[in-house]
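This report refers to the structure that appears directly beneath it.
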Amino acid sequence: MMNGSTGRRSRGSGRVRAASAALCLFAGALTATAAGASPAAALTPPVSITADDLTTWQTNGIVWSMAATDGVVYAGGTFSTIRPPDAAAGTSEEPAVNFAAFDAATGAPTGCDLSFTLSSGTATVRALALSPDGATLYAGGQFGAVNGEGVSNIAAIDTATCAPRQDFKISVSATVRALDATGDTVYLAGDFNSVGGQTRNKFAAVTTGADLLPWTANADEVARAVQVTPDGQRVALGGDFFTVNGTSSHALAVVDATTGALTKSYPGFIPNTSTVQDLTTDATGLYTANEGTGGGVFDGRIAIDLDDYQQRWRDTCLGATQAVLVHSGVLYSGSHAHDCASMGGFPDQPRKHLLAQSVDDPALLPWFPDTNDGIGEPVGPRVMAQTDAGGRHYLWVGGEFTTVNGAGQQGLTRFADGPDTGAPWVPNVSLSTVTPGRVDVSWQTSFDTDDGELTYRIYKDGASTPVHTVTGHSLFWDRPQLRWTDTDVAVGETHSYRVTASDGTNTSAKSPAQSATVAASTQGYPARVLSDGASLYWRYDEGTSTFAADTTGGLNNGFLRNAPAYRQTPAAIAGESTAIAFDGSAEYAYSNKLHASPTRFSVETWIKTTTTRGGKVIGFGNLTMQNSTRYDKQVYMANNGRLVFGVYSGGYRTVTTSGAFNDGAWHHVVATQGTGGMSLYVDGQLRAYNFFYTGNENYPGYWRIGGDNLANWPNRPTSNFFAGQIDETAVYPTALSASQVSAHYALRTAE
């Protein structure tokens with residue numbers, strides 16, 4: 001979340017209402033708080049733009065504004081040169097002083113050269129808008145001349161000749177940040193308090209001949225967006241302001257297009273810590289891009305019905321939305337979103353800068369191209385524009401980014417409605433032979449940047465024809481486990497399996513071959529874990545991947561973070577499987593599923609360590625990609641090797657072993673909580689307990705293994721992260737009995 005400003009965006013095309021294709025994380029586990037949100041559904045979304053970026057010329061600075069028509073895209077900002085797509089900064093540059101024009105279909109400059117300058121200070125073009133007939137391009141910002149022709153922060157360009165219009169000159173006292181134009185009127189928004197020598201606070205309107213109109217919509221703080229409604233009768237205003245024409249209306253207002261009189265005010269609708277950075281419309285909706293600073297901010301997007309100017313929906317993603325644009329029923333946005341969990345999206349992830357939503361529903365659709373934050377404030381994308389050319393539709397994005405989809409690309413990028421060239425990720429595969437006479441093939445669903453529904457094909461023993469095909473839904477933060485059981489096998493046979501993922505056009509490479517020998521008898525330890533009702537059971541036998549397969553029927557798989565070491569032997573259970581090693585620095589695992597807080601539970605795992613820095617072995621936390629801010633239901637090791645089991649229930653409630661277990665041997669650890677209180681078992685024996693503490697903190701969260709926050713907990717170790725080997729991790733929705741725990745331990749054969 002950052003402060004920032006943005007220029008005028010080209011207006012969105014008319015909306016094609018689409019049946020909601022809401023793709024929501026954690027269906028059934030997380031209730032979306034977004035007003036008006038529809039239930040999650042893994043349907044094919046109406047996203048027609050691919051996530052594959054096209055080769056596009058670059059700028060050496062920030063693109064703040066764009067407008068597009070008839071296959072030409074105009075870009076304004078704070079830059080001095082442009083360069084070819086593959087050129088590094090400072091090479092192959094051509095002069096382009098705060099303005100450039102590009103062929104929408106090729107990404108190359110058109111030859112329309114304009115120079116926006118200022119006699120002192122830094123010139124910038126913050127706003128671009130085209131007349132409805134495309135004959136005139138209006139430019140606003142902070143500049144005093146265009147191609148040497150004197151102007152005052154606003155200019156009109158004849159698009160046929162690429163020359164400033166001599167008949168359009170009017171003085172604007174400060175920066176123009178947004179523009180919109182009808183056939184006879186140009187609306188301005190910005191920092192100014194005077195236009196044409198008359199008082200106009202932050203908003204103004206002039207004729208296409210640059211005569212000041214009596215239209216008045218005075219605001220008390222900076223204006224950042226202005227948008228004429230499709231019927232031409234109203235003008236939506238956005239910015240930092242708290243009043244319009246003396247009436248309370250923070251950040252957003254709707255006024256009469258002829259007089260400027262308030263049609264709809266919005267006091268208290270947007271938090272005082274947030275602003276409106278951009279506005280766009282389609283046939284029936286008005287859409288806002290919002291940015292906040294500090295606590296209690298609103299950073300997401302709002303959809304407003306044009307028939308009554310009431311909210312249709314809003315999302316609550318955190319991360320400074322700068323630009324919005326509608327195409328074919330989809331609202332595209334530029335931001336630096338980093339946490340959308342509150343409205344059913346990704347939790348606490350690294351920033352995602354380009355998102356898509358149905359105009360009818362705030363749930364995120366599977367469209368995830370990405371930029372970096374780049375230079376400047378920084379935010380990343382600042383502006384969007386769209387146009388058709390050569391039978392294709394193009395979405396252009398400008399901003400301060402310096403990479404697109406992981407490759408170097410500064411200031412500008414573009415996407416189109418085809419072809420789709422990006423293949424899904426190669427699936428991560430795990431095999432299990434816990435049950436005799438069969439092989440269970442499990443895999444972590446893949447990810448594709450513009451498809452949520454993928455088709456998986458399983459290949460057996462090197463065959464070219466798949467033995468099984470199935471579809472599955474996944475997003476980058478929600479990659480559930482799928483499983484297929486091969487019963488066409490015989491005891492003692494060894495078989496290999498590979499899996500591909502396809503979006504219907506592109507198919508991933510086959511996963512590395514994994515082999516397994518069909519078991520003749522039941523494996524005692526895993527069979528007992530399953531029969532005692534484990535709801536999560538990770539055995540860590542995958543090899544090199546980010547995947548911890550769940551052996552239970554719940555398919556509650558885990559993500560492995562920062563490359564812990566696989567295939568550690570000897571494992572905790574002699575003769576069965578392998579273990580995994582964590583480095584005590586940054587490596588950990590977390591469950592793919594978000595869970596309601598359990599009222600009773602057991603956690604079970606095996607550990608082997610010689611650490612003297614302690615660390616969390618297993619616990620329940622509210623975050624996945626960062627250290628949690630709410631965390632309990634945990635077992636951790638103190639620096640002296642003693643194990644601590646803790647929950648939070650009106651205070652820190654812990655029980656601690658009297659002995660140390662950092663002796664380099666495998667130890668079986670089980671912690672339970674239920675109506676009988678808290679119990680901590682090590683190597684089959686009850687080591688610590690408290691009968692009084694039967695409750696824990698209530699919040700949705702993820703099971704985390706190998707590391708998470710331990711701040712403020714008793715006997716806090718030096719490290720939040722556990723350095724050592726872990727094996728056979730299980731979670732139960734009940735409190736295991738002492739006899740069950742001892743039976744599990746007894747099934748381990750001595751090394």
Side-chain angles (χ1 to χ4, degrees), residues 42 424 426-446 453-474 479-502 507-545 547-558 566-567 571 573-578 592-593 727-732 744 747 749:
V426 177
N428 296 317
V429 178
S430 178
L431 307 181
S432 175
T433 56
V434 168
T435 303
R438 74 184 201 186
V439 178
D440 290 325
V441 182
S442 294
W443 65 97
Q444 185 179 38
T445 48
S446 188
E453 202 78 14
L454 300 175
T455 298
Y456 299 90
R457 295 179 176 88
I458 303 175
Y459 297 85
K460 179 180 177 181
D461 295 334
S464 59
T465 301
V467 293
H468 184 69
T469 300
V470 66
T471 59
H473 178 69
S474 58
R479 296 171 60 196
Q481 178 178 335
L482 295 179
R483 178 184 294 158
W484 172 72
T485 299
D486 188 2
T487 57
D488 186 19
V489 295
V491 169
E493 292 180 348
T494 298
H495 296 281
S496 66
Y497 302 87
R498 305 178 76 179
V499 182
T500 64
S502 174
T507 300
S508 73
K510 291 179 180 178
S511 63
Q514 300 259 7
S515 298
T517 300
V518 182
S521 60
T522 299
Q523 300 176 31
Y525 184 87
R528 185 61 189 262
V529 169
L530 295 173
S531 67
D532 281 342
S535 56
L536 176 158
Y537 182 24
W538 299 344
R539 306 198 69 202
Y540 308 113
D541 298 334
E542 289 68 38
T544 303
S545 74
F547 179 40
D550 182 16
T551 308
T552 77
L555 304 181
N556 194 0
N557 63 296
Y566 300 87
R567 302 278 189 199
I573 309 301
E576 296 181 9
S577 73
T578 60
N592 182 69
K593 294 181 180 179
D727 201 6
E728 304 290 331
T729 299
V731 176
Y732 302 80
H744 288 204
L747 285 168
T749 303

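None of these values were measured; they are calculated from a predicted model.
- Smallest separation of non-hydrogen atoms from Pro436 and Ser521: CB-N, 3.8 Å.
- Of the possible polar contacts, none joining the Thr433 side chain to the Ala519 backbone as a donor-acceptor pair under 3.5 Å is found.
- None of Gln514, His468, Lys460 except one satisfies the side-chain contact (heavy atoms from CB on, under 4.5 Å) rule with Tyr497; the exception is Lys460.
- The environment of Asp488 atom CG is sparse: at most 12 non-hydrogen atoms of other residues, nucleotides or ligands sit within 6.0 angstrom.
- Side-chain N/O atoms of Glu728 and Tyr537 include a donor and acceptor closer than 3.5 Å.
- Taking 4.5 Å as the limit, every side-chain heavy atom of Leu555 sits out of range of all side-chain heavy atoms of Leu482.
- Side chain to side chain, Ser508 and Thr500 fail the donor-acceptor criterion of an N or O pair below 3.5 Å.
- Within the 4.5 Å cutoff, the side chain of His495 has heavy atoms near those of the Val518 side chain.
- Checked options Asn428, Val429, Ile458; the residue passing with Ser511 is Val429 (criterion: side-chain contact (heavy atoms from CB on, under 4.5 Å)).
- Thr487 and Arg438 are not linked by any side-chain donor-acceptor pair at a separation below 3.5 angstrom, with hydrogens and angles left out of the test.
- With hydrogens and angles ignored, the 3.5 Å screen pairs a side-chain donor or acceptor of Gln481 with a backbone N or O of Asp550.
- Under the 4.5 Å side-chain criterion, counting only non-hydrogen atoms from C-beta, Asp486 is not in contact with Val467.
- Note that OG1 of Thr522 and CG of Leu530 are 10.5 Å apart. Values are rounded to the nearest 0.5 Å.
- Scanning all heavy atoms of the two residues, the minimum distance from Phe547 to Ser430 falls at CE2-CB, 3.9 Å.
- Closest heavy-atom contact between Ser577 and Asp727: OG-OD2, 4.2 Å.
- A distance of 7.5 Å separates OG1 in Thr455 from CD in Glu453, rounded to the nearest 0.5 Å.
- Taking the side chain as every heavy atom from C-beta outward, Ser474 and Pro480 approach each other to under 4.5 Å.
- Here the CG atom belonging to Asp541 is positioned 6.5 Å from the CZ atom belonging to Arg567, to the nearest 0.5 angstrom.
- No donor-acceptor pair closer than 3.5 Å links the side chain of Trp484 to the backbone N or O of Thr469.
- Scanning all heavy atoms of the two residues, the minimum distance from Ser535 to Thr552 falls at O-OG1, 3.6 Å.
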Stepwise side-chain contact (heavy atoms from CB on, under 4.5 Å) test for Asp440 and Val434: CA-CA 8 Å; Asp440 290 325; Val434 168; 5.8 Å; no

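- The OG1 atom of Thr578 lies 9.0 Å from the CZ atom of Arg539; values are rounded to the nearest 0.5 Å.
- The two atoms that bring Lys510 and Ala463 nearest to each other are NZ-O, 3.8 Å, heavy atoms only.
- A distance-only check finds no donor-acceptor pair linking the side chain of Asn557 to the backbone of Ala549 [under 3.5 Å].
- With hydrogens and angles left out, the side-chain atoms of Thr445 and Tyr456 include no donor and acceptor closer than 3.5 Å.
- Rounded to the nearest 0.5 Å, atoms CG (Leu536) and OG1 (Thr551) are 9.0 Å apart.
- Between Pro466 and Arg457, the shortest heavy-atom distance links the atoms CB-CB, 3.9 Å.
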Evaluation steps, side-chain contact (heavy atoms from CB on, under 4.5 Å), between Gln444 and Asn592: CA-CA 10 Å; Gln444 185 179 38; Asn592 182 69; over 6 Å; no

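- With rounding to the nearest 0.5 Å, the separation of CZ in Arg483 from CG in Leu431 is 11.5 Å.
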